[in-house]
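One structure follows; several queries about it will come next.
FYI, side chains are in, hydrogens and waters are out, and symmetry mates aren't considered; it's all heavy atoms of this structure. Just so it is clear, the structure is predicted and the values come from calculations on it, not from any experiment.
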Amino acid sequence: MAYLGGMVFETPHTAIRLDTCGDCPRCGRPLLSLGEDTCAFCERSLAPGFETFPAVASALESLARGWTLERFKAWAAPRPSQLAWALDSGLWRNLGYFVSQSLWGGWANRHASLRGRRQAHHVEGITVERMTLCGIAPEAGWVALRFEGTRLGFRWDPAQGWPEDGLPEPHPFRERWTFQTTGFAEESPGPTCGACGAPSPLTVERCPYCGAPAAFRPGPWLLIDLRAERIAPTTTKGPSPFEGYGGTP
């Protein structure tokens with residue numbers, strides 16, 4: 001109700017409705033974004049129930065129709081071991097199926113520089129213990145998974161074929177991987193040869209059907225960012241030979 005020159009008249013409701021993603025189960029305040037699995041108000045973690053929020057499922061469906069969280073996790077599950085294979089083989093181009101070109105190109109240059117100084121990085125014994133959704137932004141076209149587990153990683157001298165500081169123990173890792181949707185359909189039963197179109201695993205030098213050098217078209221998702229995270233508040237970030245930002249595909 002407003003007053004003007006002694007006259008009284010009704011005013012329409014002008015408040016803008018606030019669209020939220022539900023309420024924080026910790027403090028009860030509205031969640032304004034699903035980009036992080038923490039509450040912007042109380043700054044507490046929304047795990048482990050973050051994946052079960054109704055808004056998460058609807059956001060994933062709006063981002064990539066037909067993709068459920070279970071399907072996305074199954075698609076992403078073999079990727080850590082494929083990164084380690086590319087590191088050892090040097091066939092970074094094969095990663096074009098699920099890694100943005102600027103990101104895998106940066107890794108290739110980084111490790112070529114190491115080899116120029118008679119050093120190399122090796123990763124093996126990867127065990128992924130947990131893989132959880134930790135962020136989604138349908139308006140920006142990306143979804144983030146957190147990989148947690150253990151692996152053995154060390155630098156070594158290729159000429160000597162032995163780690164620089166002796167054989168280390170496996171260490172825990174925790175990383176946030178951000179994938180951006182490409183809009184391309186998933187190829188069945190998986191990635192295919194860029195030359196003949198036949199099914200071909202990512203860990204080959206040549207197509208097993210036509211013999212052409214391995215080359216893969218981008219799949220339904222491209223990794224655009226990989227960041228190591230602290231495993232506990234009192235620890236430092238675990239080292240990652242793949243940390244980096246690759247921009248938008």
Enclosure of Glu139 CD (heavy-atom neighbours >12, cutoff 6.0 Å): yes
Backbone N/O of Cys39 and side chain of Arg29: donor-acceptor pair under 3.5 Å: no
Nearest heavy atoms of Leu95 and Ala86, plus distance in Å: CD1-CB, 3.8 Å
Thr38 vs Arg44, side chain to side chain contact (heavy atoms under 4.5 Å, CB included): CA-CA, chis, key distance, verdict: CA-CA 5 Å; Thr38 55; Arg44 297 171 67 183; over 6 Å; no
Flag, side chain of Asn94 to backbone of Val204, donor-acceptor distance under 3.5 Å: yes
Any Pro218 side-chain heavy atom under 4.5 Å of Phe184 side chain: yes
Side-chain (Lys73) to main-chain (Thr132) donor-acceptor, under 3.5 angstrom: no
Step-by-step side chain to side chain contact (heavy atoms under 4.5 Å, CB included) determination, Glu43 to Glu36: CA-CA 10 Å; Glu43 298 183 347; Glu36 301 285 343; over 6 Å; no
Closest non-hydrogen atom pair between Val56 and Phe50, with its separation: CG2-O, 3.3 Å
Contacts of type side-chain contact (heavy atoms from CB on, under 4.5 Å), residue Ala212, not counting sequence neighbours: Ala195, Cys210
Between Arg217 and Thr192: side-chain donor-acceptor atoms closer than 3.5 Å: yes
Contact check, side chains of Thr20 and Leu32, non-hydrogen atoms, under 4.5 Å: yes
Under 3.5 Å donor-acceptor, Arg79 side chain and Trp75 backbone: yes
Salt bridge (Lys or Arg N to Asp or Glu O under 4.0 Å) partner of Glu175, chosen from Arg230, Arg227, Arg151: Arg151
Pairwise side-chain contact, His111 with Leu87, heavy-atom cut-off 4.5 Å (strictly under): yes
Parallel, tilted or perpendicular: ring planes of Phe147 versus Trp177, cut at 30 and 60 degrees: tilted
Heavy atoms from other residues, nucleotides or ligands near CD of Gln101 exceed 12 (cutoff 6.0 Å): no
Donor-acceptor contact below 3.5 Å, side chain Thr182 vs main chain Gly219: yes
Pair Arg110 + Glu243: basic N to acidic O under 4.0 Å: no
Hphob cluster co-occupancy, Phe242 + Met131, side-chain heavy atoms under 4.5 angstrom: yes
Residue pairs involving residues 195-212 (criterion salt bridge (Lys or Arg N to Asp or Glu O under 4.0 Å); sequence neighbours excluded): none
Single-linkage hydrophobic cluster Leu69~Trp221, side-chain heavy atoms < 4.5 angstrom: yes
Close side-chain approach of Pro241 and Val123, heavy atoms under 4.5 Å: yes
Straight-line distance of Asp225 CG to Leu103 CG, nearest 0.5 Å: 8.0 Å
Nearest-0.5 Å distance, CZ of residue Arg130 to CG of residue Leu145: 14.0 Å
Mutual orientation of the aromatic rings belonging to Phe216 and Tyr97 [parallel < 30°, tilted 30-60°, perpendicular > 60°]: perpendicular
Pairwise distance CG(Leu202) to CG(Leu83) - rounded to 0.5 angstrom: 10.0 Å
Within the 6.0 Å centroid threshold, strictly below: Phe72 and Phe179: yes
Cluster overlap Leu222 with Leu91, hydrophobic side-chain contacts below 4.5 Å: no
Which residues share a salt bridge (Lys or Arg N to Asp or Glu O under 4.0 Å) with Arg146, sequence neighbours left out: Asp37, Glu229
Leu226 with Leu114, same ILVMFWY side-chain cluster at under 4.5 Å: no
Minimum side-chain heavy-atom gap Pro220-Trp67 below 4.5 Å: yes
Geometric class of the Trp92/Trp107 ring pair [parallel <30°, tilted 30-60°, perpendicular >60°]: tilted
Side-chain touch Pro201/Trp85, heavy atoms, less than 4.5 angstrom: no
Heavy-atom pair of closest approach, residues Ala59 and Leu34: CB-CD1, 4.4 Å
